[in-house]
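Below is one structure, written out as structure tokens, with a few remarks after it.
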Amino acid sequence: VHGEGIEAAGYPRLAGLNAGYIKKQLQDLARELPLAGVVIESVAKDYSKTPRIYSDLTVFSPGIRHDAIMSPIAKQLSNTDMHNLALYFASLPYTAKPVAADYQVLERGQDLALRGKAEYGLPACVSCHAPDGEGFGADFPPLAGQPAIYIVNQINKWQQGQRDNDNLGLMKAVADQLTDADKLNAAAYYANRSLIVKGQ
Amino acid sequence: MKRLVILLLLGLSGISFAADTPLSQTEVYSTNYDARANIPTSLTREKAIRQIPAINPGEYFVPPDVGDIPTSKYGDTVKLGRNIFIDTQHYAKRYVGNGLNCSNCHLQEGRKAYAAPLWAAYPMYPAFRNKTRDVVTFEARVQDCFRYSMNGIAPTLDSPEIKAITSYAQWLSTGAPFNKELPGRGFARLGKPRDPTPVNGEKLYKESCASCHGWDGQGQKFSNRDGYMFPPLWGKDSFNHGAGMSTVKSCAQFSKANMPLGKGWTMNDMEAWDICTYIWLQDRPWDPRFGWFFNIFAPPTGGN
């Protein structure tokens, strides 16, 4: 295989992804999960009392992504391995094979992908994942050319708390608002897109 | 220096006082410290803590679907208006002086409540505007968008661009009550607990805005095509000082309901004020209403 993933099993393609994105995912997969049942209570801010320092004290979660297959593998990789793997897979060219889907499913998926749900304040996929779903930078991975099963699985993981490594929690906020039909429609739409990545 | 030596010695001998004298969390962290960013982000939890109102179906006006644009000459004008609206850089290039599109602020094709939706604006015109101290029509209002927010040249009132945008706004308002203030019109309501500080604003900007809009606020361009993936907030490709978004209050009202994208209503009023004060302090094109002398020696204020 040349990093194109396995469609039927829902294994994602790695070829042509952003190197920074791949590296971060490997690091997050290798990270230990926090103890179950630990809850950190949130305290309301009072800016009139602390006008200057609250931002200095802000600590971000490094990001956690759990996968039954990949997490044990990622734990055995060194930082250098991750870096080199990321660069290698990012350099591979990739051409997506569009997957056929029902017309109505594609139409609904397109509506969600291009326009979102304005009446619920849900932004469109393209507003972060770039107009053709080709992804943008290390924070916004491509949707086009990924197996539909993979995309649905990942959104499920966000909803279930097994994945929490997105920039500013943006995808978490979006995933919370998606229905099961939304996931399937949008994933089918992006599996149906054609995409050519030349590598880097 | 003495302390440093002691610390070094301790380090070498492998002894640490960390276990003996643990820092009490209550001493280090203020009680006002918000652990929001510390916990795995959960929107529902966040919403419950901050008592953010959920958006219920039927609360806001729902404009017609794009697929329902009629196939007629009128429908073609509406489609052109929509194209101009979401891709101003291409369809109205000659009138635009920066890198923005209409839909960068009027989010989701001008449909999103509290992001100045067209369906709430169109039925309210002609209206009195404090900015011009006059009653303006919708067309004249759109001209001002081109002049200030797009930092460009206003299309004439009889131009196809103004006609198309007006048609699109009218079509989006299909079924909306006429001359009635709808919920979701304009931007969010905003309190002002204290005077804003750009010091906080800078930190907050770097924490939650910079990853998309850039550390220098210049937005991020596509690598494989023209234009901006994330719009610039200041600099030569942004709106000018005469734009509504250049007043700190409008910017804060917009940001509170819509930013970070998809996580609207998660920052509080003061955070929005602080960030927008920081943004307002940055360099951007001059207000075209003033001459160079007043622009340099008496630049427009941020308003409040």
Side-chain angles (χ1 to χ4, degrees), chain A residues 34 38-61 63-64 107 111 114-124 126-132 134 136-140 161 163-177 198, chain B residues 28-46 49-50 55 57 59-63 65-67 107-109 111-114 117 193-194 197 199-200 203-204 207-208 211-212 220 222-225 229-230 257-258 260-266 268 270-271 274:
Chain A
V38 175
V39 176
I40 304 168
E41 279 306 319
S42 200
V43 183
K45 287 181 197 175
D46 183 355
Y47 288 90
S48 60
K49 303 244 173 65
T50 56
R52 290 288 162 95
I53 57 169
Y54 65 90
S55 239
D56 300 333
L57 300 174
T58 306
V59 183
F60 280 97
S61 146
I64 289 155
E107 211 172 34
D111 193 52
L114 303 187
R115 281 175 285 281
K117 292 187 203 167
E119 61 272 28
Y120 292 95
L122 180 72
V126 295
S127 54
C128 289
H129 293 277
D132 293 335
E134 73 264 38
F136 190 85
D139 291 326
F140 304 108
R163 182 170 178 183
D164 180 38
N165 64 342
D166 44 340
N167 180 32
L168 300 172
L170 295 175
M171 193 59 212
K172 171 75 177 160
V174 169
D176 272 356
Q177 296 181 65
K198 296 274 167 55
Chain B
V28 179
Y29 297 123
S30 149
T31 45
N32 301 316
Y33 167 55
D34 185 358
R36 167 173 66 112
N38 244 346
I39 58 177
T41 323
S42 160
L43 191 76
T44 37
R45 188 181 159 72
E46 219 168 339
I49 290 167
R50 287 163 178 261
I55 298 173
E59 196 172 343
Y60 300 113
F61 175 76
V62 180
D65 195 73
V66 185
L107 296 176
Q108 300 189 266
E109 308 187 354
R111 291 163 175 268
K112 188 168 183 301
Y114 295 117
R194 62 163 167 79
T197 81
V199 181
N200 276 343
K203 286 173 186 165
L204 286 164
E207 192 179 293
S208 23
S211 63
C212 289
Q220 289 193 63
F222 289 114
S223 54
N224 54 354
R225 66 182 85 198
M229 173 74 218
F230 297 111
N258 300 302
L261 199 67
K263 285 187 78 182
W265 308 101
T266 50
N268 62 28
M270 217 51 244
E271 284 173 320
D274 288 349

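Residue numbers start from 1 in every chain, and the chains themselves are labelled A, B, ... in the order their sequence lines are given, proteins ahead of strands.
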Task: Heavy-atom side-chain proximity of B:Arg194 to B:Asp274 below 4.5 angstrom - done: yes

Open item on the list: For B:Asn224, which atoms come within 4.5 Å of any heavy atom of chain A: side chain, backbone, both, or neither?
Closed with: side chain

Task: Presence of salt bridge, B:Arg111 and B:Asp65, under 4.0 angstrom - done: no

Open item on the list: Out of B:Ala113, B:Ser211, B:Pro117, return the one with the most heavy atom pairs under 4.5 angstrom to chain A.
Closed with: B:Ser211

- [ ] For the residue pair B:Ser208 and B:Glu271, establish whether any side-chain heavy-atom pair is separated by less than 4.5 Å.
- [x] no

Task: Interface moiety of A:Leu122 toward chain B, non-hydrogen atoms closer than 4.5 Å - done: backbone

- [ ] Identify which part of A:Glu107 has an atom lying under 4.5 Å from any heavy atom of chain B, answering side chain, backbone, both or neither.
- [x] neither

Open item on the list: Just so I understand: if I count every heavy-atom pair under 4.5 Å between each of A:Gly116, A:Cys128, A:Ala124 and chain B, which residue has the most?
Closed with: A:Cys128

Task: Shortest non-hydrogen contact from A:Lys117 toward B:Gln108 - done: N-NE2, 3.8 Å

Task: Under the ring-ring contact (aromatic ring centres under 6.0 Å, His included) test, residues paired with A:Phe140 that sit two or more places apart - done: B:Phe230

